[in-house]
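Since the model is a prediction, treat every value here as computed from it, not as a measurement. Residue numbers begin at 1 in each chain, while the letters A, B, ... track the order of the sequences.
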Number of protein chains: 2
Amino acid sequence: MNRTASIKDVANQASVAVGTVSNVLNYPDRVSQRTKDRVLRAIDELGFVRNDAARQLRAGHSRTIGLIVLDVGNPFFTSVVRAAEDAAALQGSAVLLGDSGHDAGREANYIDLFQEQRVQGLLISPVGDVSERLDLLRERGVPTVLVDRQADESKFSSVAVDDDAGGYLAARHLLDTGRRRLAFVGGPTSIRQVADRLQGARRAVDEESGATLEVLGSEGQTVLAGRSVGNMLVERGLDGLPEGIFCANDLLALGVMQSLTMTHTVRIPEDVALIGYDDIDFAVSAVVPLSSVRQPTEALGRTAIELLVEEVDSQNATHRAVVFTPELVVRQSTAGPA
Amino acid sequence: MNRTASIKDVANQASVAVGTVSNVLNYPDRVSQRTKDRVLRAIDELGFVRNDAARQLRAGHSRTIGLIVLDVGNPFFTSVVRAAEDAAALQGSAVLLGDSGHDAGREANYIDLFQEQRVQGLLISPVGDVSERLDLLRERGVPTVLVDRQADESKFSSVAVDDDAGGYLAARHLLDTGRRRLAFVGGPTSIRQVADRLQGARRAVDEESGATLEVLGSEGQTVLAGRSVGNMLVERGLDGLPEGIFCANDLLALGVMQSLTMTHTVRIPEDVALIGYDDIDFAVSAVVPLSSVRQPTEALGRTAIELLVEEVDSQNATHRAVVFTPELVVRQSTAGPA
DNA sequence: TCGTAACAATGAAACGATTCAAAGATTGCG
DNA sequence: CGCAATCTTTGAATCGTTTCATTGTTACGA
């Protein structure tokens, strides 16, 4: 088992200096065609592959950006990740992905790991409050951008989506299509996104005289949680139902939809209008195509990278907080009453 | 902006030799308590973080394993990835993830990238045929394990699931519950998994006198593709329907289910039994809980890592091909006829 | 033919951690 | 007190690349 060839082996094989091989690799224009050919042939013969560790060591930093998300299973984050990867690739960096799973310990592990890797910077969707862990990063001078979380601009740059506005959009749409008695499904409200979306919805309802908003707590934002809320609603009978239901995310909405349609007594949207949040792929292909609120995930991921690059390039410590506005996607589940 | 502290800075601060600092980090027992305290304090004061690039350079290899999958969006792979990460973590390695998206070019990029990173080995679910790209890896001596693909044991180790057996299981179950006229939904058959599952199903049908198998091609394995197949079936009317439908994956099955149930004329499982493949999370929470064939994804991921570690440790070139058997998961969608 | 500019190639130094032979300190025992 | 055995600490060498000041070559106009 012969160890992998180094740049020195290539230099020997091609009878040139190591610096020349390096130039062939990094500044081909500086090298004459003749030598270049010889070197390239040697590289081929020896199956030489650059050692990235040595490059990094010399360069003092990697060509890597760390990204820590709360849950890779969540389509919202999957989409942000994809966009960030593409944006990073465009400017020659790769993304290292970490999944904290809402766990502060795992988050801390990834922060340490990424620091050892000397990432150029960090994108992070932090667990809980923006804490001392992050302040430490600031002190260390690790450029950091918060994702899906607004931050004090004096401390960090951030990209986020206005969940209050999203909640308002959803409720406003239900009101605009003539529904008055509304319900919000989601919980626990200790999750910021849930709280903000509810707050926005409440704002819209308060604007409209005669409109009411009932809050139906759920245990998490899953299809099953939605189903149990839906079953509870079915038991009320047709008269007890709200006219419009806004769910804190699409999974909940799909669950509610299943419960309601399974009985074949409640019709969507004729009896009840239903709207979700996130516009996941399954929303289009639900039994009744689901209206939703789309978050500009691609823009989020791309902008996060851009802000990070800004921080890396300019040393001055001015940060920017970018807030995106979500977008209403109307489908059959909230079509006007027949 | 003061650059990050190195082990030398720590040594100065603590008035010891660099070797001592290294020992504190790697062999704490070799160092006296007094010095250890001093060094640790210095590390803390300077905010020292190990430079992984330098470690790797010295060590000659990383503590990283490369994993290239065909599609991270696919729950099957997500699950394999998770299991592999856990197994790798247990023995002190991290997993670098690459998504080829069924594209040979991207696959090649990741292979190169991972070689530059000097990964300990590679787990790969290869695009198309096991090709010269992989032979090159063998020549270079990069330990490699194929995932979800059986391979010539003289060349590679591999872990796979027996898709033929899975197809057999599904069809056998439909037959066992009294269905005779069966249909297979999936395509194109150029995808090995699809072809194997179909072949297994055919085998079961051939065993049973009087049973028939109709093949309904689909364009891909998505919910929408399933919906269009479903719509086509609905148009045939109740009498024209098969008694049991086996879909090449759960997404297809969910699409078919939606088309059939939307009309409220076809009942599942009374009129038609429906079974999918993969047992994704959505299968449980479908309108009618979906029977499926579960693949032992955790075992796949874990075993892949184990085989890789075997290859890394023992230099001898004996490979192993492990094939797992899938498992039937019966739910309401194939309950016995009323 | 000479001088000089432009171009090519050279190779030692540096990056930061780990290793290991060797030196130094400490302990216990006769 | 002297010696050996054990425990600590030292620091130079090493990994593979990139950088850059320096040297060597070539080409061209005067």
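The backbone N or O of R118(B) sits less than 3.5 Å from a side-chain atom of S62(B), completing a donor-acceptor pair. With hydrogens and angles ignored, the 3.5 Å screen pairs a side-chain donor or acceptor of R38(B) with a backbone N or O of A14(B).
OP1 or OP2 of dT18(C) sits under 4.0 Å from a side-chain N or O of R50(B).
Rounding to whole angstrom units, CD of residue Q56(A) and P of dT17(D) are separated by 13 Å. Separating the NZ atom of K8(A) from the P atom of dT17(D) is a distance of 10 Å, rounded to the nearest angstrom. Between the CD atom of Q117(B) and the C1' atom of dG16(D) there is a distance of 15 Å, given to the nearest Å. Per the geometry, CG belonging to N26(B) stands 6 Å off P belonging to dT19(C), to the nearest Å. Protein atom CZ of F48(B) is 10 Å distant from nucleotide atom P of dG16(C), rounded to whole Å. The interatomic distance linking N51(A) (CG) with dA17(C) (C1') rounds to 14 Å, in whole Å. Here dA8(C) presents its P atom at 14 Å from CZ of R38(A), a figure rounded to the nearest Å. Computed from coordinates, the Q115(B) CD to dG16(D) P distance equals 16 Å when rounded to whole Å.
One cannot find a donor-acceptor pair under 3.5 Å joining the base of dT17(D) and the side-chain atoms of R55(A). Put simply, the side chain of R58(A) and the base of dT17(D) share no donor and acceptor less than 3.5 Å apart.
With I65(A) as reference, L123(A) is the one residue of V312(A), L123(A), V119(A) to meet the side-chain contact (heavy atoms from CB on, under 4.5 Å) rule. No option in Q33(B), R34(B), R41(B) other than Q33(B) meets the side chain to side chain donor-acceptor pair (under 3.5 Å) test with D37(B).
Between K155(B) and D135(B) a salt bridge is recorded (basic side-chain N to carboxylate O distance below 4.0 Å).
For the helix from dT1(C)-dA30(D) to dG30(C)-dC1(D), the terminal axes (five pairs an end, C1' atoms, rotation from four pairs onto the next four) enclose an angle of 50°, given to 10 degrees.
Contact annotation: the side chain of H319(A) never approaches that of D152(A) to less than 4.5 Å [non-hydrogen atoms, C-beta and beyond].
Among residues two or more places apart in sequence or in another chain, the ring-ring contact (aromatic ring centres under 6.0 Å, His included) test is passed with F76(A) by none.
When each of dT19(D), dA17(C), dC15(D) is scored by its nearest atom to the side-chain atoms of Y27(A), the top-ranked nucleotide is dT19(D).
The residue G60(B) sits apart from the nucleic acid: no heavy atom pair falls under 4.0 Å.
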Pairs: protein N or O with nucleotides 5-9 of chain D N or O, under 3.5 Å:
unit_1 : atom_1 : unit_2 : atom_2 : d
dT9(D) : OP1    : S32(B) : OG     : 2.9
dT9(D) : OP1    : T35(B) : OG1    : 2.5
dT9(D) : OP2    : S32(B) : N      : 3.1
dT9(D) : OP2    : T35(B) : OG1    : 3.2

* To do: Carefully, step by step, assess V142(B) and F114(B) under the rule side-chain contact (heavy atoms from CB on, under 4.5 Å).
  => CA-CA 10 Å; V142(B) 179; F114(B) 289 167; over 6 Å; no
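More than 12 heavy atoms of other residues, nucleotides or ligands lie within 6.0 Å of CZ in R106(B), so this atom counts as buried by the packing criterion.
Nucleotides of DNA chain D nearest to A54(B) and S15(B) differ in position, and the one nearer the 5' end is that of S15(B).
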